[in-house]
There are 2 protein chains.
Amino acid sequence: MRIGELAQATGTKAETIRYYERAGILPAADRTDSNYRDYSDEHLATLTFVRRARALGFSMAQVRELLALSDHDDKPCENVDQLVRQQLSEVDSKIADLTALREELGQLLQSCEADRIGDCRIVESLSASRARP
Amino acid sequence: MRIGELAQATGTKAETIRYYERAGILPAADRTDSNYRDYSDEHLATLTFVRRARALGFSMAQVRELLALSDHDDKPCENVDQLVRQQLSEVDSKIADLTALREELGQLLQSCEADRIGDCRIVESLSASRARP
DNA sequence: ATGCACCTTGTAGCAGCTACAAGGTCAAGC
DNA sequence: GCTTGACCTTGTAGCTGCTACAAGGTGCAT
């Protein structure tokens with residue numbers, strides 16, 4: 001299949017697929033006589049894997065690790081497990097950060113009952129007196 | 001005060017402060033005879049404001065807007081209010097995304113009870129069969 | 001043969017910094 | 001007076017994960 005077809009099948013832009021190849025995430029495809037990339041079903045499967053992992057928040061480096069790990073069927077899967085745990089804990093701490101943020105923003109909103117910016121507590125509570133350019 | 005002092009006072013790297021100046025976020029400072037930047041208390045206040053807004057997840061563009069708004073004391077503060085509301089809803093949707101992610105990752109983890117990667121459901125559920133390079 | 005959709009490469013851009021390199025300045029210590 | 005070391009200056013390039021060109025080649029229908 002050509003790059004456009006693969007792109008459509010996986011919901012990825014063709015440019016992103018080429019980028020993955022350059023980045024060593026997706027193995028290079030065969031070429032047709034006219035130098036077009038010619039992808040196999042294996043490529044489709046790998047790209048699906050990559051996109052799903054990326055959507056789950058794994059970094060490119062982590063995806064590379066996952067790919068490398070999944071190429072060794074006979075190794076213990078502790079490592080995969082550990083990567084997932086690590087990702088889970090990163091997601092958890094992001095959620096915690098954002099929840100704290102949410103709280104602060106909510107309080108900011110409540111603090112504004114004024115009409116004019118001069119009296120606005122939001123600006124005030126971001127910082128008392130500011131430099132004017 | 002010199003850039004290092006301002007950096008320490010606000011928990012910002014000197015390089016970041018120079019970047020803010022280039023980016024038009026922080027007004028340029030006066031210069032000493034020896035061409036060192038010389039910051040005022042107003043700069044300190046502005047930078048504090050900027051860092052706090054950034055920490056609350058506002059983008060550089062939003063910070064620019066907030067700064068511009070807070071320079072017009074007599075305008076209605078609806079706009080500030082609206083920016084905060086917008087940011088709040090972005091944070092909310094990020095939390096929702098991450099929570100869904102958390103759920104999926106949790107299920108991934110549960111699905112792995114195998115010893116070998118070949119039998120590991122995690123790899124399997126990321127994608128059935130993959131291309132080998 | 002002409003149009004149009006697709007493909008190729010290469011390069012540059014986005015956010016928001018961070019990290020150099022190569023050099024200038026200033027205060028303290030000897 | 002001179003050196004050391006911490007600071008400062010500018011400029012440029014790098015990071016992540018794409019995305020967006022530009023300039024040209026290819027494939028297929030009309």
Side-chain angles (χ1 to χ4, degrees), chain A residues 1-26 28-40 43 46-67 86-87 90-91 94 97 101, chain B residues 1-26 28-40 43 46-67 83 86-87 90-91 94 97-98 101:
Chain A
M1 70 205 314
R2 294 201 306 194
I3 199 168
E5 209 178 332
L6 181 61
Q8 188 150 27
T10 57
T12 314
K13 300 206 172 182
E15 277 150 332
T16 305
I17 296 175
R18 283 185 212 108
Y19 165 75
Y20 285 159
E21 181 182 315
R22 256 191 343 269
I25 286 281
L26 196 63
D30 289 344
R31 297 297 183 123
T32 65
D33 291 351
S34 49
N35 199 31
Y36 287 5
R37 286 172 180 82
D38 186 20
Y39 291 99
S40 67
H43 282 101
T46 301
L47 184 52
T48 304
F49 180 104
V50 169
R51 294 301 281 180
R52 178 136 173 71
R54 294 281 304 124
L56 287 171
F58 290 94
S59 70
M60 297 284 275
Q62 286 175 321
V63 171
R64 253 182 285 262
E65 283 187 73
L66 285 171
L67 289 174
Q86 190 184 317
Q87 178 58 15
E90 274 170 37
V91 167
K94 275 184 201 161
D97 286 355
L101 223 67
Chain B
M1 70 204 314
R2 295 200 306 193
I3 199 168
E5 209 179 332
L6 180 63
Q8 188 151 25
T10 57
T12 315
K13 300 206 171 181
E15 275 150 333
T16 305
I17 296 174
R18 283 184 212 109
Y19 165 74
Y20 285 159
E21 180 182 314
R22 255 190 343 269
I25 287 280
L26 195 62
D30 289 345
R31 296 298 181 120
T32 65
D33 290 351
S34 50
N35 199 32
Y36 287 6
R37 285 172 181 81
D38 186 20
Y39 291 99
S40 67
H43 282 102
T46 301
L47 184 53
T48 304
F49 180 103
V50 169
R51 294 301 281 180
R52 179 136 172 70
R54 295 281 304 125
L56 287 171
F58 290 94
S59 70
M60 297 284 274
Q62 286 175 320
V63 171
R64 254 183 284 263
E65 282 188 73
L66 284 171
L67 288 174
L83 273 173
Q86 190 184 316
Q87 178 57 17
E90 274 170 37
V91 167
K94 274 182 202 162
D97 287 354
L98 286 172
L101 224 66

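Naming: A, B, ... by sequence-line order, numbering from 1 per chain.
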Side-chain N or O of B:S34 closer than 4.0 Å to phosphate OP1/OP2 of C:dC26: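 So the side-chain polar atoms of B:S34 do come within 4.0 Å of the phosphate oxygens OP1 or OP2 of C:dC26, strictly under.
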First locate atom [atom1] of [X], then atom [atom2] of [Y], and finally report the distance between them rounded to the nearest 0.5 Å.
{"X": "A:T16", "Y": "A:L26", "atom1": "OG1", "atom2": "CG", "value": "11.5 Å"}
{"X": "A:K94", "Y": "B:L101", "atom1": "NZ", "atom2": "CG", "value": "8.5 Å"}
{"X": "B:I3", "Y": "B:K13", "atom1": "CD1", "atom2": "NZ", "value": "13.0 Å"}

Terminal axes of the helix from C:dA1-D:dT30 to C:dC30-D:dG1 (five pairs each): angle between them, nearest 10 degrees: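 The end-segment axes of the helix from C:dA1-D:dT30 to C:dC30-D:dG1 are tilted 30° relative to each other.
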Those residues that, when tested against [X], pass side chain to side chain donor-acceptor pair (under 3.5 Å) (two or more places apart):
{"X": "A:T12", "result": "A:T10, A:R51"}
{"X": "A:Y36", "result": "none"}
{"X": "B:E21", "result": "B:R37"}
{"X": "B:R31", "result": "B:N35"}

Below 3.5 Å between N/O atoms, which protein atoms pair up with nucleotides 16-18 of chain C? Just atom names and distances, please.
from: C:dG16; atom 1: OP2; to: B:M60; atom 2: N; distance (Å): 3.1
from: C:dG16; atom 1: O3'; to: B:R54; atom 2: NH2; distance (Å): 3.4
from: C:dC17; atom 1: OP2; to: B:Y20; atom 2: OH; distance (Å): 3.1
from: C:dC17; atom 1: OP2; to: B:R54; atom 2: NE; distance (Å): 2.7
from: C:dC17; atom 1: OP2; to: B:R54; atom 2: NH2; distance (Å): 3.2
from: C:dT18; atom 1: OP2; to: B:T16; atom 2: OG1; distance (Å): 3.0

Touch class at under 4.0 angstrom, heavy-atom based, for A:R2 against every strand present: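 Sugar-phosphate, backbone atoms only, no base.
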Sugar-phosphate, base or nothing in reach of A:R37, heavy atoms under 4.0 Å: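 Here A:R37 touches the backbone only, sparing every base.
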For atom CG of B:D38 and atom P of C:dT25, their distance in whole Å: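 Value for this atom pair: 16 Å.
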Whole angstrom value for the distance that separates C1' of C:dC6 from CZ of A:R31: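 That distance rounds to 14 Å.
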5′-ward residue of the pair A:G4/B:R18 relative to DNA chain C: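 Looking at the nearest nucleotide for each, A:G4 comes out on the 5' side.
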Side chain to side chain contact (heavy atoms under 4.5 Å, CB included) against [X], all qualifying residues, sequence neighbours excluded:
{"X": "A:Q8", "result": "none"}
{"X": "A:I25", "result": "A:Y20, A:A23, A:V50, A:M60, A:V63, A:R64, A:L67"}
{"X": "A:Q62", "result": "A:F58, A:S59, A:L83, A:Q86, A:Q87, A:E90"}
{"X": "A:M1", "result": "A:E5, A:L6, A:Y39"}

Span of DNA chain D in contact with chain A (heavy atoms, under 4.0 Å):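 Extent of the interface on DNA chain D: D:dG17 to D:dG27.
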